[in-house]
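Everything on this sheet refers to the single structure shown next.
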Amino acid sequence: MELSPLMKSLGLNYPIFQGGMAWVADGKLAASVSSAGGLGIIGAGNAPGDVVAAEIERAKSLTDRPFGVNVMLLSPYADDVVDVILANKDKVAVVTTGAGNPSKYLSEFKKAQIKVIPVVGSVALARMMERIGADAVIAEGMESGGHIGKLTTMALVPQVVDAVEIPVIAAGGIGDGRGLAAAFMLGAQGVQMGTRFLVAKESKIHPNYKKAVLRAKDASTMVTGEYAGHPSRVLKNKMAKDYIKLEKEEALQPEPDFAKLEEMGSGSLRRAVIDGDPDTGSFMAGEISGMVHEEQPAAEILAEVAEQAEKLLTGGR
Ligand SMILES: Cc1cc2nc3c(=O)[nH]c(=O)nc-3n(C[C@H](O)[C@H](O)[C@H](O)COP(=O)(O)O)c2cc1C
C-alpha cells in the first residue's frame with residue numbers, strides 16, 4: 001500500500017493509528033500495534049504523569065518502533081504528562097490531543113521533533129490547528145466511540161481536507177478495509193480506529209466490556225452527556241439509560257443540578273474497563289461495534305484491514 005510522506009516519516013507499514021483511548025490504550029496495546037506496523041498510541045486520559053511514564057516505559061520495553069501518546073488537554077495533569085513526553089522524545093514520535101487547543105505546548109514539541117496531531121470535529125478547529133502549526137489533524141466524526149462532535153465522518157473529512165493543506169487522518173466509524181478505502185477516497189491519508197482495537201487480544205478491557213462490543217448490533221450505541229455539553233457515545237446499558245433519565249429530569253428543573261450528573265458520570269469509564277460493571281460503567285464504543293465480531297491480535301487487525309482496502313483500491317472486491 002502506497003503511504004503518504006507523513007506515514008513514511010512515522011516509519012509505518014500501514015496508514016492506521018490506534019486511537020489513544022483513556023483507560024484502555026496502555027503501553028502493551030500501543031506497543032503491539034506499533035510492532036505490527038501501525039501507530040500505537042497510549043491514552044493518557046486523566047492519569048497523572050507517573051502513570052503515563054510507566055506506560056511509556058512498558059511500551060519501550062515491548063517495541064523498538066515509535067509510538068504516540070494522546071494528551072487529554074482538560075486533564076488536571078496535562079502539564080505533567082507533557083513533561084513526561086518531552087523526557088521520552090527519543091521514542092514518542094507523535095502526540096495526539098483531545099478536548100482543547102494544544103498551542104501552549106506546540107513550540108516545545110516542535111523543538112523535540114515530536115509531531116503534533118490534534119483531533120478535530122469541525123473545519124474551524126482544523127483551520128485553527130493548522131494556523132498554530134500542527135503537523136496534521138485527525139478529523140473525527142460522531143460515529144466514533146467516546147467523546148464526540150456533531151458532524152459525521154462522511155461529511156466532515158472531505159470538508160476538512162478542502163480547508164487545510166496539512167494531512168488529514170479520518171476517524172469515527174472506520175472498522176475494516178472498506179472504511180480505510182473510503183477514507184482515502186475522501187482525501188484522508190490514513191485512519192484512526194478505536195472501537196476495533198477495543199477488542200484486540202492485547203486490549204485489557206474487562207471481558208464483560210469486550211463481550212458487549214462483540215455482541216453489539218448497528219443500533220446498540222447511544223449518546224449520553226449532550227445536555228451537560230460533553231456528548232459521549234456508549235453502548236446502551238443500565239448506566240447509559242440511568243444517566244439519560246437523570247439528564248432529562250435535570251433539564252426540566254428551573255435550576256438544573258449539573259453536579260449530580262457529574263457525580264454519576266465520574267469514574268464511569270474506569271468502572272467499565274476495570275470492573276466490567278454494566279450498571280455503573282460507561283462502555284464507550286462506536287457505531288461500528290455492530291460489525292466487530294471477533295477478538296483478534298492487533299497485528300491481524302492491521303493486516304486484514306490493509307489487505308481488504310488494497311484489494312478494493314485495485315479493483316477487487
Ligand atoms: C473507550 C474509548 C476511549 C477513548 N478515549 C479517548 C481519549 O482519551 N482521547 C481521544 O482523543 N480520543 C479518545 N477516544 C476516541 C478514539 O481515540 C478514536 O478516535 C475513536 O474511537 C475512533 O472512532 P471508532 O470508535 O469508530 O473507531 C476514545 C474512544 C473509545 C472507544
Side-chain angles (χ1 to χ4, degrees), residues 10 17-34 39-63 65-121 125 128-129 132-138 140 145-147 171 192 194 197 203-205 225 229-230 232 262-263 265-274 282 284:
L10 296 172
F17 294 7
Q18 157 256 307
M21 298 173 275
W23 283 102
V24 177
D26 57 9
K28 182 180 169 196
L29 180 62
S32 315
V33 173
S34 285
L39 183 74
I41 303 177
I42 294 169
N46 280 319
D50 57 342
V51 172
V52 178
E55 292 306 326
I56 290 176
E57 281 311 313
R58 183 137 78 116
K60 274 190 194 175
S61 73
L62 293 170
T63 187
R65 310 286 290 256
F67 53 86
V69 177
N70 175 263
V71 182
M72 252 264 294
L73 296 162
L74 286 178
S75 161
Y77 302 108
D79 286 350
D80 294 347
V81 169
V82 168
D83 287 343
V84 165
I85 291 169
L86 292 169
N88 286 281
K89 61 183 179 194
D90 55 324
K91 267 299 159 78
V92 181
V94 174
V95 164
T96 61
T97 61
N101 182 343
S103 58
K104 78 170 189 175
Y105 305 117
L106 221 88
S107 66
E108 290 294 322
F109 286 138
K110 291 250 156 194
K111 250 190 264 161
Q113 296 191 316
I114 296 173
K115 290 200 161 45
V116 180
I117 310 188
V119 177
V120 301
L125 194 55
M128 189 200 288
M129 295 301 110
I132 66 166
D135 295 280
V137 287
I138 298 168
E140 187 189 70
H147 296 287
Q192 170 162 288
F197 286 113
S203 157
K204 68 165 186 194
I205 65 171
H230 44 77
S232 200
E262 175 78 31
E263 196 185 319
S266 169
S268 63
L269 181 57
R270 190 194 65 76
R271 294 192 291 275
V273 173
I274 309 295
S282 291
M284 289 180 170

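- Between M21 and I41, every side-chain heavy-atom pair lies at or beyond the 4.5 Å cut-off.
- Between E108 and I114 the shortest side-chain heavy-atom distance does not fall below 4.5 Å.
- At least one side-chain heavy atom of D90 sits under 4.5 Å from a side-chain heavy atom of K60.
- By the side chain to side chain donor-acceptor pair (under 3.5 Å) test, S282 is found to be paired with S268, residues two or more places apart in sequence or in another chain being considered.
- Side chain of S266 to main chain of E263: no donor-acceptor pair is present (N/O by atom type, distance under 3.5 Å, no hydrogens or angles).
- Here the rule is side-chain contact (heavy atoms from CB on, under 4.5 Å) with K104, and of V82, D79, L73 only D79 fits it.
- The two residues H230 and H147 have their closest heavy-atom pair at O-ND1, 4.0 Å.
- Inter-residue side-chain proximity for Q113 and K89 is flagged as unmet; no heavy-atom pair is nearer than 4.5 Å.
- V71 pairs with exactly one of V84, T96, I42, I85 by the side-chain contact (heavy atoms from CB on, under 4.5 Å) rule, that one being I85.
- Expressed to the nearest 0.5 Å, how far CZ of R65 lies from OG1 of T63 amounts to 7.0 Å.
- Between F17 and I117, some side-chain heavy-atom pair lies under the 4.5 Å cut-off.
- Within the 4.5 Å cutoff, no side-chain heavy atoms of N46 are placed close to those of W23.
- Minimum heavy-atom separation, L10 to A93: CD2-CB, 4.4 Å.
- In E262, the CD atom is not crowded: 12 or fewer heavy atoms of neighbouring residues, nucleotides or ligands sit closer than 6.0 Å.
- Using a 4.5 Å heavy-atom cutoff, the side chains of I132 and P102 are in contact.
- Side-chain contact check for V24 versus F197: every heavy-atom pair is 4.5 Å or farther apart.
- Within 6.0 Å of the OH atom in Y77, the count of heavy atoms belonging to other residues, nucleotides or ligands does not exceed 12.
- Nearest heavy atom pair, residue V81 against residue A47, reads CG2-O, 3.8 Å.
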